[in-house]
Amino acid sequence: MEMVVSTDSTEERNEEEKKKLDYHGAMEAALKSMYDDAYDSMVTQSGKKLGEEVPYLDLLILKKDPSLRLNDEIGSFFKENNVIENKGYTDGISINDVFKVQAYAGMYMVLDRKVDEIPWETVTVTVIQFKYPRAAFQRLMEMGCVIKERVQGSVWEVSGPPVMFPFQVVNAVNLGEEWSVIKIMSPGATEEAILKVQRDYEQTNDPRKKQHLGIVLKLSLMNNKETAKKMEETGVMTNEMIETARYLFADEFEAEAKKHAEDLEAEKKKHEEDLEAEKKKHEEDLEANKTQTIQNMLLDKVKISNIEKWTGASPKKIIEIAKALGMTSLSL
């Protein structure tokens, strides 16, 4: 067997590395030389890191069968590769979000893939949010985009530069009743909408659908606590959902129970303090009445022994009261 032994030393390999052409560095140097006169007013940054976090798509919906057609307000827009951006109920889409989600879709289409592995015409972008994106739409129109309202008040298509992919924006708040499963996720969901999803949850025999609806209902209960408590109190919530609510609100229930116990303890303490104050005032009133009685009897020249007998006051106390009245002689 023939063997091949490398004769390159470590030093020789390092020298070869040094000889490799640095096209990026050379290109930067070339451009700097071209703009030398204006360079004081310009900045170059090599290897610029685009953000601190690895970019992630919120959701990607892929059609296994490209011929599949969905007929609902959102899915009718879908092609084979559908990038979804979810905005929270407190967030609105900004013009930055428009560019960001398109950039993510582009990265999904090309990174670690063969050339044209995912054709551009098979990609769509959808943003789902819970408010009308007035500022973003205004800026897009200023740039020359065309915004078409496909479903009144709830779904719009955006086309034209600078939008690169087929792009739709959904305002989930105004979707129809059939979209209650999305609408109940935000605060302010109606009891009727939650009940509709709860009924779907109860009636389905599909374990996957049941799991998915359970996740949505859990989020809805968290975001609509007052409505959930009212539903429990009025008896329209199922036992399973009651258990879920109690589990979710366990900390709150514990806090409420603790506060109730503290309120009862405070009320008991106040009652005891009030009784003690009332008792003390009563004793002070009795003592004041007794003192007034002794004063009257002293002024009427009643003997100390009789005053002691009738009021129960000690001779010492009677004498002190007499002194306070300025009396210098008393009848025993």
Side-chain angles (χ1 to χ4, degrees), residues 56-61 70 72-75 82 84-94 97 126-134 151-156 168-268:
Y56 288 95
L57 300 180
D58 286 348
L59 182 64
L60 185 64
I61 298 179
L70 302 173
D72 62 86
E73 294 95 326
I74 298 175
N82 306 284
I84 313 296
E85 173 86 355
N86 301 316
K87 303 302 291 184
Y89 41 85
T90 58
D91 302 325
I93 181 177
S94 70
D97 294 311
T126 299
V127 176
I128 302 177
Q129 57 175 33
F130 291 87
K131 59 176 67 174
Y132 178 73
R134 190 176 309 279
V151 181
Q152 186 174 5
S154 57
V155 183
W156 298 265
Q168 69 173 347
V169 179
V170 179
N171 179 6
V173 173
N174 292 336
L175 287 171
E177 184 183 349
E178 66 275 16
W179 287 101
S180 293
V181 69
I182 287 181
K183 297 172 67 146
I184 68 168
M185 291 193 293
S186 65
T190 64
E191 183 177 320
E192 291 74 21
I194 297 174
L195 284 173
K196 180 183 183 304
V197 179
Q198 180 180 266
R199 284 192 297 271
D200 292 343
Y201 174 83
E202 292 172 337
Q203 294 169 3
T204 183
N205 293 319
D206 184 338
R208 289 184 306 173
K209 185 173 182 179
K210 199 173 189 72
Q211 179 187 14
H212 297 156
L213 292 177
I215 292 171
V216 172
L217 282 166
K218 182 177 179 180
L219 176 63
S220 180
L221 293 179
M222 288 296 291
N223 283 335
N224 297 278
K225 294 178 182 178
E226 293 304 318
T227 302
K229 289 178 182 178
K230 179 183 175 185
M231 290 171 65
E232 180 181 353
E233 291 168 358
T234 55
V236 297
M237 187 181 288
T238 63
N239 290 334
E240 187 173 352
M241 295 310 298
I242 288 173
E243 290 300 317
T244 301
R246 288 179 178 174
Y247 171 75
L248 292 174
F249 306 150
D251 292 342
E252 289 188 19
F253 287 147
E254 183 179 345
E256 287 180 8
K258 182 179 179 182
K259 185 177 184 305
H260 182 63
E262 290 173 348
D263 290 345
L264 287 177
E265 186 62 29
E267 187 177 339
K268 179 182 176 183

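In this structure, the separation between OG1 on T234 and NZ on K229 is 14.0 Å, given to the nearest 0.5 Å. Atom OG1 of T90 is separated from atom NZ of K131 by 7.0 Å, given to the nearest 0.5 angstrom. Within the model, atoms CG of N171 and CD of Q129 stand 6.5 Å from one another, a figure rounded to the nearest 0.5 Å. Separating the CD atom in E226 from the CE atom in M231 is a distance of 13.5 Å, to the nearest 0.5 Å. From I194, atom CD1 reaches atom OG1 of T227 across 5.5 Å, with rounding to the nearest 0.5 Å. For the atom pair CD (E73) and CD (E178), the distance works out to 4.5 Å, reported to the nearest 0.5 Å.
With a 4.5 Å cut-off on side-chain heavy atoms, V236 and Q198 do not count as touching. In this structure, E177 and S180 have side chains that are in contact, with non-hydrogen atoms separated by less than 4.5 Å. Looking only at side-chain heavy atoms (C-beta outward), D97 and V127 stay at 4.5 Å or farther from each other. D72 places a side-chain heavy atom less than 4.5 Å from the side chain of W179. Counting only heavy atoms from C-beta outward, the side chains of S220 and V197 never approach each other to under 4.5 Å.
Minimum heavy-atom separation, P133 to V169: CG-CG1, 3.9 Å.
The main-chain N or O of D200 is never found under 3.5 Å from a side-chain atom of T204 such that the two would form a donor-acceptor pair.
For the ring-ring contact (aromatic ring centres under 6.0 Å, His included) test, residues two or more places apart in sequence or in another chain that qualify with W156 are Y132, F137.
A side-chain contact (heavy atoms from CB on, under 4.5 Å) with I61 is found for exactly one of N82, L70, T126, I74, namely N82.
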Identify each donor-acceptor pair in which a side-chain atom of residues 181-193 lies under 3.5 Å from a protein atom, sequence neighbours left out, and give them as a table.
from, atom 1, to, atom 2, distance (Å)
K183, NZ, V173, O, 3.2
K183, NZ, L175, O, 2.7
S186, OG, K183, O, 3.3
T190, OG1, A193, N, 3.1

